[in-house]
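Accompanying notes for the structure given below.
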Amino acid sequence: MNILIIGTGYVGLVSGTCFSEFGYKVTCVDHDSNKIKNLKKGIIPIYEPGLNELVNKNLNNKNLNFDTNLNKYLNKSDCVFLAVGTPSRRGDGHADLKFIFRAVEEICLNLKKKIVLVTKSTVPVGTAKKIKELIKKLNKEDLVCVASNPEFLREGSAINDFLRPDRVVIGTNDQHSKKLLNKLYSPLNIRQVPMVNTDTETSELIKYASNSFLATKITFINEIARFCKKTGTNINDVSRAMGLDKRIGPKFLHSGPGYGGSCFPKDTLAMSKIFKDKKIRFNIVDTVIKTNNKIKEDLSKDILKVIRANKVNKILFLGLSFKPETDDIRESSSIFIINYLIKKNKNLIISAHDPVAIPNCKKEKLKVNYYTDLEKSFQKQEMVIIATEWNIYRSINFENLYKEMNSNIIYDLRNIYSSNKEIPKIGFKYYSITSK
Ligand code: NAD
C-alpha cells in the first residue's frame, strides 16, 4: 500500500514514520522546504523520543521518503492523510480549517486516480462533509472517498502511542474506505488493539469529546488543589487515592499550572464553538476553559506576590515546554507566566533552563537568558520556579543549589517536592501550588 501524508508536524511525521515501520511505502510532504531538506538527510525537526532512530531506519530501507512536491507521489498513492495544523481561528475560537481546505484543493487539482482521503488532523464535526462538498465543486467526487481517522498520540510518547494505541477510530461512510483503513491498521491486530468503526461525523466528535474530557479531569484536580492550598490538606494523597479507584484511574490527576500544549486549549475552545453552532451550551467545557485560564492567572499573581514580598529580581525557570519529553512550547504555562511577570515588572531578570525547548523559545523572541547547563543556571539566582516536570528536575541537589543562589526562594508548580521535609531545613522558603 502506498501512503501519502500531508504535513510533517508532530502528527504527520510520527504517523508517516510508524506506517513505514509497518512496511508500507510512505511519502510525507510539507510546504516547509527547510524541514524537508533536513528530513531527507535524517535530521528531525522536533524532539520526540525514539523518532530519530525510526525515521533513519525507514529512510535507509526506503520505506520512508520526504518531499515538498505533492504531485510527484499523489497519483501513486492509495491513501492520502491530512495531518496539517488546525489552530484556533483568530478572534472566535473556531478551528481554522484553511490548511485542510488548501490541501484538499491542491490534491484535487492534480488527482487522476482513485484515493481514500483521510483526515488525521483534529477537525470539527461536519468537516468530512465540507471536504466532500469541496471535492464535488472541483469535479473529483468520483475519485475520492473521504474518511476520518483522528489521532490520539501524546507528544513525548508518540511512537509508543501510535504503535500500541488504546484504540483506533475509523470514521467512514463507504465500504471501500472502511476496508482499506481496517487493512492499513491490521498490523495492530496482533496486539488486539480495538478498532472502533463508525461514521465520519461520530469519529470527528470522538476526538473532541476525548480531549475535552481529559482537559476537564486536569482542571478538576487543579480545583481540588486550590482547596488543599487553603486548608492544608494533601493534594498528592487525594490524587493517589482517587486514582486507585478503577472507575477514575490515575492518569491526568496531577495538579499543576493549568493545561497547555497544542491540543487541549484549542480543542476545548473548538468543542464549545461547535456546541454553540448547534444552539447548545456545553456548560462543563465552558467552565473548564474559564477555570483553566483563571488558574494560570491566579498562579502568576501568586508568584508575583512572592516576588514582591521577598524583593526578588532574578528568577530561574526550570522547564519551558508545556510538558516533559517534548520541545513543544505552544500554550505552555511557563511561557504564559514569564510573559505575565515581564509585563508586570520590567526590571525582573528572567533566566530559563530546558533540555530541548530553548531553540523554539528563541524563535518566539522571549526576553529570557537561556541555559543548557543546569548547574550553571543556578548561579546567583534569587528564586527558582520548577515549571515542567522533566526528570532532571526530580533529583536537584538542593545543598548545591542553596550555595549557588543569591537568595532562597523555590516555587514548585508541579508539586514535585511538596513532601520533601529537607528543603526548608537547608534554608529554602518553599512555595508550591498547594503550600503557602
Ligand atoms: P504542526 O503545526 O506541528 O504541523 C503541521 C505541518 O503541516 C507543518 O509542518 C506545515 O508546514 C504543514 N502543512 C500545512 N499545510 C500544508 C500543505 N498544504 N501541504 C504540506 N504541508 C502543509 O501540527 P501538529 O501538532 O502535527 O498537528 C496536526 C493536527 O493533528 C492538528 O489538527 C492537531 O490538533 C492534531 N493532533 C495533534 C497532536 C499533537 O500532539 N501535536 C495529537 C493529536 C492530534
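Both counts, for ligands and for their atoms, begin at 1 and track the order of listing.
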Under 4.0 Å from a heavy atom of [X]: give me the atoms of ligand 1 that qualify, with their elements.
| X | result |
| --- | --- |
| Lys35 | 8 (C), 9 (O) |
| Lys266 | 33 (C), 34 (O) |
| Thr86 | 31 (C), 32 (O), 34 (O) |
| Glu106 | 18 (N) |
| Ile6 | 17 (C), 19 (N), 20 (C) |
| Val84 | 7 (O), 13 (N), 14 (C), 15 (N), 16 (C), 22 (C), 28 (C), 29 (C), 31 (C), 32 (O) |
| Glu155 | 39 (C), 40 (O), 41 (N) |

To check your reading of the model: name the closest protein heavy atom to [atom], its residue, and the distance in Å.
| atom | result |
| --- | --- |
| atom 35 (C) of ligand 1 | Thr122 OG1, 3.4 Å |
| atom 18 (N) of ligand 1 | His31 CE1, 3.2 Å |
| atom 30 (O) of ligand 1 | Val11 CG2, 3.4 Å |
| atom 25 (O) of ligand 1 | Arg330 NH2, 2.9 Å |
| atom 6 (C) of ligand 1 | Asp30 OD2, 3.7 Å |
| atom 3 (O) of ligand 1 | Gly9 CA, 3.4 Å |
| atom 7 (O) of ligand 1 | Gly7 CA, 3.4 Å |
| atom 5 (C) of ligand 1 | Gly85 N, 3.7 Å |

Quiz item: side chain to side chain contact (heavy atoms under 4.5 Å, CB included) with Phe317: which of Ile335, Ile338, Val384?
Solution: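 The option that passes is Ile338.
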Salt bridge between [X] and [Y], side-chain N to carboxylate O under 4.0 Å?
| X | Y | value |
| --- | --- | --- |
| Lys229 | Asp302 | yes |
| Arg281 | Asp286 | yes |
| Lys266 | Glu331 | no |
| Arg226 | Glu223 | yes |

Practice problem: Flag Asp32 as yes when one of its N or O atoms lies below 3.5 Å from any N or O atom of ligand 1, and as no otherwise. | Solution: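 Not met; the criterion fails.
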Heavy atoms only, cut-off 4.0 Å: how does [X] contact ligand 1, side chain, backbone, both, or neither?
| X | result |
| --- | --- |
| Ser262 | side chain |
| Ala158 | neither |
| Arg154 | neither |

Quiz item: What pairs of residues pass the ring pair (Phe, Tyr, Trp, His ring centres under 6.0 Å) test when at least one of them lies in residues 123-175, not counting sequence neighbours?
Solution: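 Those involving residues 123-175 are Phe19-Phe162.
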Quiz item: Would you call the rings of Phe252 and Phe264 parallel, tilted or perpendicular, where under 30° means parallel and over 60° means perpendicular?
Solution: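 Tilted: the ring planes of Phe252 and Phe264 meet at 30° to 60°.
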Practice problem: Might you work through the side-chain hydrogen bond (donor to acceptor under 3.5 Å, both in side chains) test for Asn56 and Asn60, ending with a clear yes or no? | Solution: CA-CA 6 Å; Asn56 279 288; Asn60 288 338; 5.5 Å; no
